[in-house]
Amino acid sequence: MHTDARGYVRAIAAGRFEEAYLIARGPNPFASICGRICGAPCEAACRRGRVPRVDADGRFIGPDRPIAIRALKRFACERFGVEVHEPASVLDAARDFTPEVCADAEEMAALVRAFAHGGFEPVPGVPVAIIGSGPAGLSAAHDLALMGFKPTVFEIEPVAAGMLAVGVPAYRLPRELIRREVAVIEALGVTIRTRVEVGKDVSFAALRRDHAAVVIAVGAKRARGLGLPGERGPRVYGGVDLLRAVSLGEPIDLGREVVVIGGGNVAYDVARTVVRQVAYDAARTAARLAATQRVTLASLETLEEMPADTLEILEGDEEGVERLNGWGPVEILRDAAGAVGGVSFRRCLRVYDEARRFAPVFDDADRRVVPCDTVLIAAGQTPNLGFLADGGADVEEMRPGWPKVDPETLATTASGVFVAGDLAHGTRLLIDAVASGKRAARSVYRYVTGRTLRPEAVETHIPIERYRREFLYEAIPRQEAPARPVAERFGDPATTVELVLDTASACREAQRCLDCGVTPVFDGTRCVLCGGCVDVCPTSCLKLVPLATLAPSADLDALLGGACDGTAILKDEDRCIRCALCAIRCPSDAITMERVQFTTRWSPA
């Protein structure tokens with residue numbers, strides 16, 4: 001997505017909250033939703049999480065923790081996003097804003113300015129059909145509308161937003177927030193037609209005939225079965241089917257003791273939804289299930305291997321979800337009348353082989369039965385492309401149910417047909433779906449116009465005079481987003497569990513950011529090799545070594561021109577905390593603190 005996470009985090013640290021929101025929203029039409037439910041791969045990449053921590057005696061006690069980037073995004077969005085502003089004002093602000101730090105290739109305002117300045121021609125009124133209104137489909141529609149197209153989104157469900165609306169529980173993602181985020185996209189001129197089933201209400205052939213291009217973004221919404229004996233029959237459901245029923249207020253027959261099979265986030269969404277004992281009667285009125293007593297979540301993986309987010313596991317434990325780690329289902333047991341009586345499991349000795357491929361090994365001699373009367377299977381999903389039967393014969397499949405896709409353009413083998421989201425890359429994170437939708441939009445532009453949207457980035461290094469950091473920023477502990485007490489989570493099944501950081505905590509957390517766009521730059525012509533920078537570095541990230549000790553490489557030879565005499569300064573980027581002590585200590589002004597900045601222009605190719 002090319003989101004400048006560092007940019008909005010540092011803006012929060014400086015108290016510029018509106019700027020923080022606009023930096024986050026520029027490339028991402030679902031910034032407010034991402035602030036609540038994103039898997040936060042940015043945090044896994046955050047350098048703060050790799051900086052060593054030491055105790056008072058200077059002993060290493062482990063790496064630090066990454067910045068709470070997702071929580072900070074939510075903080076900024078709740079102050080200046082769709083949560084508090086109407087769609088038109090959000091669009092106007094995003095169009096007019098130019099980030100100071102990084103206007104990268106996906107930035108919304110840069111694209112709009114390119115049209116305004118004649119960088120390339122829009123395509124007014126050209127119709128494009130998008131099947132599926134999930135984050136991938138709506139992101140494609142968002143960018144196509146910016147480029148002048150007339151996108152129409154066809155959604156089978158009665159509400160827009162796909163799995164965001166019918167798959168993510170309301171206690172994680174409020175429905176009003178979804179509605180407001182979708183309203184901004186509609187304000188761009190996107191038409192969303194709900195309760196339309198492609199293949200029934202309108203044929204795929206008709207969509208191809210009446211539109212310049214078609215983007216298929218239906219997602220993997222169909223629960224995948226395990227093929228277990230006893231699986232087919234009453235009171236065995238797909239996990240996503242339960243989530244959909246609860247979200248739409250449809251009744252579902254649950255018993256007193258429920259087993260959820262799976263170890264990912266969807267499995268926890270299912271288990272925690274059942275724990276809340278939510279059901280809906282025929283009048284679509286929420287009602288408590290008085291009888292549910294126990295929810296057991298069974299996974300092949302050990303606790304350490306479970307793919308679910310750590311926070312999901314912890315909150316599930318708090319709410320009473322009983323974990324059964326390291327067991328694989330063998331059979332769903334039924335009595336003579338066909339009623340579910342339990343699930344038979346066998347011990348899983350290993351889930352992955354040495355190459356980290358899924359290759360479970362079981363101990364058939366070690367078995368156990370978990371009594372239950374309802375089973376919910378949350379062990380993966382598959383797409384449903386049955387609508388391709390009429391008009392999609394030229395869409396080749398890579399394997400049953402999955403189309404063959406060009407990984408760069410997201411084009412299928414059929415002319416003018418593209419995919420986005422799960423169909424493009426399998427089931428991944430929300431942010432992956434958004435990114436693929438935006439990529440599909442650019443491919444549609446290329447297909448319709450014959451011109452490629454090419455970002456031209458200019459990199460500059462700006463010296464910073466009198467660079468300083470917040471007092472003791474390197475010692476600030478991570479500020480966690482608060483959670484609602486367990487006792488308050490069950491009064492209403494839509495009660496939000498995670499709360500937003502307060503202003504003081506958000507600013508303090510943002511001040512932990514190392515601001516990796518700033519770096520010390522060394523001028524070898526001025527360096528006197530005094531070693532002062534090495535001596536003063538608090539994390540020992542600098543080292544002076546003879547050139548002759550460096551491992552030979554083509555890049556090094558090209559840089560040195562064959563010379564092997566002299567000294568090199570080695571810098572460990574993972575340990576550098578951008579404190580500027582090296583620049584302050586340098587007696588010859590050979591070290592300057594500089595900010596790396598990018599500016600992007602769009603141009604046709």
Side-chain angles (χ1 to χ4, degrees), residues 39 130-137 154-157 161-168 197-200 204 214-233 236-248 252 260-271 273 298-301 307-308 328-329 332 351 357-360 375-390 392-393 395-405 407 410 412-414 417-430 432-433 436-437 440:
I130 300 170
I131 307 174
S133 70
F154 298 87
E155 170 58 52
I156 190 174
E157 301 290 0
M163 291 300 287
L164 295 177
V166 301
V168 181
E197 182 177 351
V198 177
K200 178 181 178 182
F204 186 67
V214 178
V215 178
I216 305 175
V218 295
K221 294 175 58 178
R222 185 166 59 184
R224 185 175 64 198
L226 296 176
L228 301 174
E231 184 175 321
R232 299 180 65 85
V236 176
Y237 309 102
V240 291
D241 298 328
L242 170 89
L243 295 175
R244 179 187 179 278
V246 170
S247 295
L248 297 179
I252 188 166
V260 179
I261 299 175
N265 286 336
V266 173
Y268 266 95
D269 284 346
V270 171
T273 295
S299 71
L300 293 176
E301 300 88 358
I332 296 175
V351 180
R357 292 173 299 202
F358 183 74
V375 179
L376 298 167
I377 300 175
Q381 296 106 247
T382 61
N384 181 5
L385 299 180
F387 56 82
L388 294 179
D390 183 4
V395 179
E396 298 180 15
E397 293 187 346
M398 177 177 56
R399 62 182 188 273
W402 296 88
K404 186 181 295 184
V405 180
L410 304 187
T412 68
T413 55
V417 179
F418 303 83
V419 301
D422 293 342
L423 291 179
H425 47 56
T427 52
R428 292 187 186 173
L429 300 174
L430 162 64
D432 293 298
S436 72

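Given the structure is predicted, the values throughout are model-derived calculations rather than measurements. Just the heavy atoms: all of them, side chains too, but no hydrogens, waters or symmetry mates, feed the values below.
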Partners meeting ring pair (Phe, Tyr, Trp, His ring centres under 6.0 Å) with Tyr268 (sequence neighbours left out):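 Tyr268 satisfies ring pair (Phe, Tyr, Trp, His ring centres under 6.0 Å) with no other residue.
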Reported CZ-to-NZ distance for the pair Phe387 and Lys200, which is rounded to 0.5 angstrom: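 Result: 15.5 Å between the selected atoms.
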Separation between CD1 of Ile377 and CG of Leu226, rounded to the nearest 0.5 Å: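 Atom-to-atom, Ile377:CD1 and Leu226:CG are 4.5 Å apart.
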Val405 side chain reached by Leu423 side chain, heavy atoms, under 4.5 Å: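 In short, these two side chains do not touch, never coming nearer than 4.5 Å.
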Heavy-atom side-chain proximity of Glu301 to Pro307 below 4.5 angstrom: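 Glu301 reaches Pro307 side chain to side chain.
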Minimum heavy-atom distance Leu388-Ile216, with the two atoms named: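 Heavy atoms only, the tightest pair is CD2-CD1, 4.1 Å.
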Non-hydrogen atoms of Ile332 and Glu231 that approach each other most closely: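 Between these two residues, the closest heavy atoms are CD1-CA, 3.8 Å.
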[Y] backbone acceptor or donor facing [X] side chain under 3.5 Å:
X: Thr382; Y: Ala220; value: no
X: Gln381; Y: Val240; value: no
X: Arg428; Y: Asp422; value: no
X: Ser436; Y: Gly421; value: yes
X: Glu396; Y: Lys404; value: no
X: Thr412; Y: Val417; value: yes

